[in-house]
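Only one structure is covered here, and it is reproduced in the block below.
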Number of protein chains: 2
Amino acid sequence: MEKPGSAARAVEQLRNAMINGELAPGTRLSETSLTGPLGVSRNTLREAFSTLIEEGLLVRQPHRGVFVASLSPAQIADIYRVRVLLECSALSQAPTDPPRAAGLRTAVDDAGRAADAGDWRAVGTANMHFHEQIVALAGSPRLDSWMRQLTAELRLAFVTAPDPEALHRPFVAMNDAITSTYEAGDAHRAADMLRDYLLTSERVVLGNLP
Amino acid sequence: MEKPGSAARAVEQLRNAMINGELAPGTRLSETSLTGPLGVSRNTLREAFSTLIEEGLLVRQPHRGVFVASLSPAQIADIYRVRVLLECSALSQAPTDPPRAAGLRTAVDDAGRAADAGDWRAVGTANMHFHEQIVALAGSPRLDSWMRQLTAELRLAFVTAPDPEALHRPFVAMNDAITSTYEAGDAHRAADMLRDYLLTSERVVLGNLP
DNA sequence: CACACAAGAGTTGTTGAACAATCTGGGGTT
DNA sequence: AACCCCAGATTGTTCAACAACTCTTGTGTG
């Protein structure tokens, strides 16, 4: 068993609070007023801030404080540009003989179950997991880490969306179709589908901003 | 003018010390014994460590200390896999009408001058700058940031090389050729050349490990 | 009324010290 | 040689204090 350590625990709590929407983008995180609820000292809290800043979930304005990151349309467009590059490359170069679709399939199934239950936040989580699994096909730990960072940041754009169902539902079926195409051995066609998928996803996300 | 702040200054000093080879990979950085030379307190030093760990230049072994990262052959192979993906994509999709080769050209010139002077460390710096400029063609701030991180880590593999000339000299001419091909408007051929370039570079780096 | 400016409060940046938790190395025992 | 235990050293964490900076407020001046 791992022993998280106070700093790592604070990081986890803050990250979950942001993903669950309890901390809206743009809100200021005061150091002194957070030491109490998190039960850590100011120094440890600053260390937790540092890692979250490196992950892009927080931004620091010197001598002014740290704020929950809020993505501009330009930043979202940048994220999708990178996603197209990473995911399509990984999928089109993935082995097809045999295909390694186990991770994709479980993510798709999770998304389907969550959609049936109407839990759109869980659908979003499963969808992000699906895309992380696509990048995992490249077999690069570094790309995996970067992709996790991308999905974490992108979720900040989800929590403020007024219509989460519109944001996540259309993509469950697309995930299934892409996975099936890849399982059938046609990685390049799956990658083409994925590219279209990402472009429409970008439009949907940009259309759901405040 | 910017006012770096103590933590940022310590980060800069440590990073330069690593790039210049004064801190060999694998050496242990004791907290107490570094507060003196850097003139910062232990807490500030730990914050500096945190950022360098996030950048991949240091690694922390819990309750044992922080060490200068040393790249395993597998990690170097991973870096080159990612470089091929990023750089070749950026170059093949770069605009050719007109080509935006100004940044590339200045980096090539810098490398040439440093090679004439026999300053191989400066040649390596200019070469890394060349590749950062290639990724910059994609126009993505995020990719720029990731690429800077890659080059910084890769330099850790350079400082221990027994023959720095063999590590950097062959690539000055190749940079020139790739830039000329791109300037002539053939981005795809330039990308193909770059791919071969990177594969041979990987072999050279792996052959120059301790 | 509009505006510049100074004082004040509040927050962040940094330091130093203290204590707990953990690793390291050596000595003794079997 | 293998094992156990202990002292020393180092890291992990917290606390308290002060300096540096920002923002707000209030005041005086034109």
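Naming: A, B, ... by sequence-line order, numbering from 1 per chain. The basis for the numbers below is simple: all heavy atoms, side chains too, and nothing from hydrogens, waters or symmetry mates.
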*Heavy-atom closest contact (B:Pro99 atom, B:Tyr182 atom, distance)*: CA-OH, 3.5 Å
_Integer-rounded Å distance: C:dG10 C1' and A:Gln61 CD_ = 17 Å
*Write down the distance between CG (B:Leu38) and C1' (C:dG16), rounded to a whole number of angstrom.*
17 Å
_With a 4.0 Å limit, can you tell me whether A:Arg64 has a side-chain N or O closer than that to the phosphate oxygens OP1/OP2 of D:dC21?_
no
*Compare all side-chain heavy atoms of B:Arg81 with those of A:Arg142 and state whether any distance is below 4.5 angstrom.*
no
*Proximity to DNA chain C (any heavy atom under 4.0 Å), residues of residues 43-59 of chain A only*: A:Asn43, A:Arg46
*To the nearest angstrom, how far is A:His63 atom NE2 from D:dC21 atom P?*
6 Å
*Whole angstrom is fine here: how far is it from CZ in B:Phe67 over to P in D:dT10?*
13 Å
*Check salt bridge (Lys or Arg N to Asp or Glu O under 4.0 Å) between B:Glu22 and all other residues, then give those that pass, not counting sequence neighbours.*
none
*Look at the side chain of A:Ser41 and decide which nucleotide, out of C:dA18, C:dG13, D:dC15, has an atom nearest to it.*
D:dC15
*CZ of A:Arg42 versus C1' of C:dA17: gap in Å, rounded?*
16 Å
_B:Arg60 CZ - D:dT13 P separation (whole Å)_ = 9 Å
*Please tell me which of A:Pro62 and A:Gly39 maps to the more 5' nucleotide of DNA chain D, matching each residue to the nucleotide holding its nearest heavy atom.*
A:Gly39
*asked:* At less than 4.0 Å, is any side-chain N or O atom of B:Arg28 found next to OP1 or OP2 of D:dT11? Yes or no.
replied: yes
*Going by heavy atoms in the side chains, are A:Asp78 and B:Pro141 under 4.5 Å from each other?*
yes
_Donor-acceptor contact below 3.5 Å, side chain B:Glu153 vs main chain B:Leu150_ = no
Anything under 3.5 Å between a donor and an acceptor, one on a side chain of residues 126-138 of chain B, the other on a protein residue two or more places apart or in another chain? List them.
from, atom 1, to, atom 2, distance (Å)
B:Asn127, OD1, B:Asn175, ND2, 2.8
B:His131, ND1, B:Arg83, NH2, 3.2
B:His131, ND1, B:Glu87, OE1, 2.6
B:His131, NE2, B:Arg83, NH2, 3.4
B:His131, NE2, B:Tyr197, OH, 2.9
B:Glu132, OE2, B:Thr151, OG1, 2.8

